[in-house]
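Sharing a structure, written as structure tokens. Questions coming.
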2 protein chains.
Amino acid sequence: MAKPFLPNASEVLSRSKLPLYLQLAAEFRRNIAQGIWMPDQQIPSLEALMAQYQVARMTLRNAIGILEEEGYIRRGRGKGTFVQRNIPNVTELQIPSNWEETVALSDLLGTESIADGEHAIASLPDLGMKFSGQYAKAYRHLCRLHVKDGVPYCFSEVYLAEDLFKQHKAAFLKAAAASVIARIPGLKIHEARQKITISGAGIESARALNLNVDDSVAEVRRYACDKEKLIYYARLEFPTKFVKLEFDLCP
Amino acid sequence: MAKPFLPNASEVLSRSKLPLYLQLAAEFRRNIAQGIWMPDQQIPSLEALMAQYQVARMTLRNAIGILEEEGYIRRGRGKGTFVQRNIPNVTELQIPSNWEETVALSDLLGTESIADGEHAIASLPDLGMKFSGQYAKAYRHLCRLHVKDGVPYCFSEVYLAEDLFKQHKAAFLKAAAASVIARIPGLKIHEARQKITISGAGIESARALNLNVDDSVAEVRRYACDKEKLIYYARLEFPTKFVKLEFDLCP
DNA sequence: GCCCATTTGTCCGTATGTATG
DNA sequence: ACATACATACGGACAAATGGG
């Protein structure tokens, strides 16, 4: 149990390239989310916050102005600043952890095409996971956006075995791939794996998901095989503000 | 399959508060990570990139300068800019998905104290998960940093049932809690759940984890019960650059 | 060696946003 | 509200190195 060296708060705030008032806004949003600043409670005065964080008054006013726009707090001349009772909250989406859940989520979301490949391609990008099975001869590439109640939840690049795609082209162009695969008679999934990492949105996915560039997204890579070959590979991006993963540790 | 409205690239880049050159650096880093820019290949010239992204030459130079510092590319006057062969890669950490893995990870990481509560407290913060069992009378709060090879991997706030803590105080102050709990004779875990979400680092955790404020972290909330009561609750933060979650979808 | 197109490196002037006191 | 300082972003001009004919 050593005592680690830690930089002080001012150093941490100044080494980031993000504008100071946005860093502070993030910290205050956190204070509310974690219940350190409770609903209907008054938050510390500007004087107190200036002393605590060692920043200028205008910087704090800018930061708090953001929280006010977002509806987290209300300010009153001479009264002070108070946390709102009803904090706006987001619908979280459980990332599937088995094939059934994958299909169920696919059924739930609407599908909009962004760019569909017109031709088959010969090879897949790096799976990022162990896979020692067989690849199909050719794949079709689809790029789409999945939506729920008009809100974009998932940007996806899907690769489907060409022969399978051709047999069910209309269905694959209309719905999420896992939904279609699950309803093909006689087709059984024998192997499927998934790897989740967190990265930043690129320009393309930021456009589609209505995010800023480099906003964090959960990147899900997923493949499925039938008895013989890899028939499905997808790289999905979910905005992390929607992402949740909950499970029993004692199954 | 509707055609969604999408803003153009310039709009996406300008609506973010993050400096433009940092957004571009993120996009380029992504191009390399995803194999769009391959090792030893020349990337587009400044002229070409200026046309593609509609930004000034100096802005691109700043962006590319960052990638050069990070060792992703090399530049040569008159020659062009090339992707490096050996991309620096990070060690990913598998987030545990059952109690055994939780204990195994705890065994792996060193533990440094940041702030240990001197006294017992009566109540726990909101679990963020369903739990209908019994709480213990009092809990002890510990705040620590978990390290591997000198690199901070995990910031944790742990709450332990007071009686259990008092019985094994020395052990709990020296090692990660799950490690200690797993080695207490006669103690069996009957229920344990975990919920993972992604949020931004606060000032405290950014200090400890050597991150910037609002850098994305995986927030893991986890509890465990013995036969009668909730004996362990933890809120953990992992820098998302280390986080990986891989599993079989057909168990 | 020489010219030339290409590409990166450097510098200037200006405007805007951020942060301080 | 103001004066000041600094980083960001733009557009332009020119220098320096490279490689091909």
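In what follows, chains carry the letters A, B, and so on, assigned in the order in which the sequence lines appear, proteins first and then strands, with residues in each chain numbered from 1. Worth saying up front: this structure is predicted, and the values here are computed from it rather than measured.
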Checklist entry - Between B:Tyr233 and B:Tyr223, is the ring centre distance below 6.0 Å? => result no
Checklist outcome for this item: Taken to the nearest whole Å, CG/B:Leu60 to P/C:dT7 is 14 Å
Item to check | Ion pair B:Arg235/B:Glu219, N-O distance below 4.0 Å | outcome: yes
Checklist entry - Centres of the A:His146 and A:Tyr153 rings: under 6.0 Å? => result no
Next on the checklist: Rounded to whole Å, please give me the gap between CD1 in B:Ile66 and C1' in D:dT8.
Outcome noted: 12 Å
Next on the checklist: I need a per-nucleotide contact map over nucleotides 16-21 of chain D, read 5' to 3'. Cutoff is protein heavy atoms under 4.0 Å; write B for the base, S for backbone only, - otherwise.
Outcome noted: BBBS--
Checklist entry - Crowded around A:Arg61 CZ? As in, over 12 foreign heavy atoms under 6.0 Å? => result no
Checklist entry - Strictly by modelled atom types, are A:Arg221 and A:Gln194 linked by a side-chain donor-acceptor pair under 3.5 Å? => result no
Item to check | Separation of atom CZ in A:Arg15 from atom P in D:dA7, rounded to whole Å | outcome: 18 Å
Checklist outcome for this item: Nearest heavy-atom contact between B:Tyr53 and B:Phe28 is CE1-CE2, 3.7 Å
Checklist entry - OP1 or OP2 of C:dT7 sitting under 4.0 Å from any side-chain N/O of B:Arg75? => result no
Checklist entry - Applying a 3.5 Å limit to both distances, which nucleotide forms a Watson-Crick or G-U wobble pair with D:dA1? => result none
Checklist entry - Taking atom P of D:dC10 as reference, at what distance in whole Å does atom CZ of B:Arg61 sit? => result 15 Å
Checklist entry - Would you say the side chains of A:Asn62 and A:Thr59 form a donor-acceptor pair under 3.5 Å? => result no
Checklist entry - Just how far, in rounded Å, is C1' of D:dC10 from CG of B:Leu49? => result 17 Å
Next on the checklist: Is it the case that the side chain of A:Ser45 and the backbone of A:Ala48 share a donor-acceptor pair, with hydrogens and angles ignored and the cut-off at 3.5 Å?
Outcome noted: yes
Checklist entry - Should the pair A:Arg29-A:Glu70 be classified as a salt bridge under the 4.0 Å nitrogen-to-oxygen rule? => result yes
Next on the checklist: Distance check needed: C:dT6 C1' versus B:Leu46 CG, whole Å only.
Outcome noted: 11 Å
Item to check | Euclidean distance, atom CE of residue B:Met50 to atom C1' of C:dT8 [Å, nearest integer] | outcome: 13 Å
Checklist outcome for this item: From CZ of B:Arg74 across to P of C:dT8 the rounded distance in Å is 13 Å
Item to check | Per-nucleotide protein contact string for nucleotides 14-21 of chain C (B base, S sugar-phosphate only, - none; heavy atom under 4.0 Å) | outcome: ----SSB-
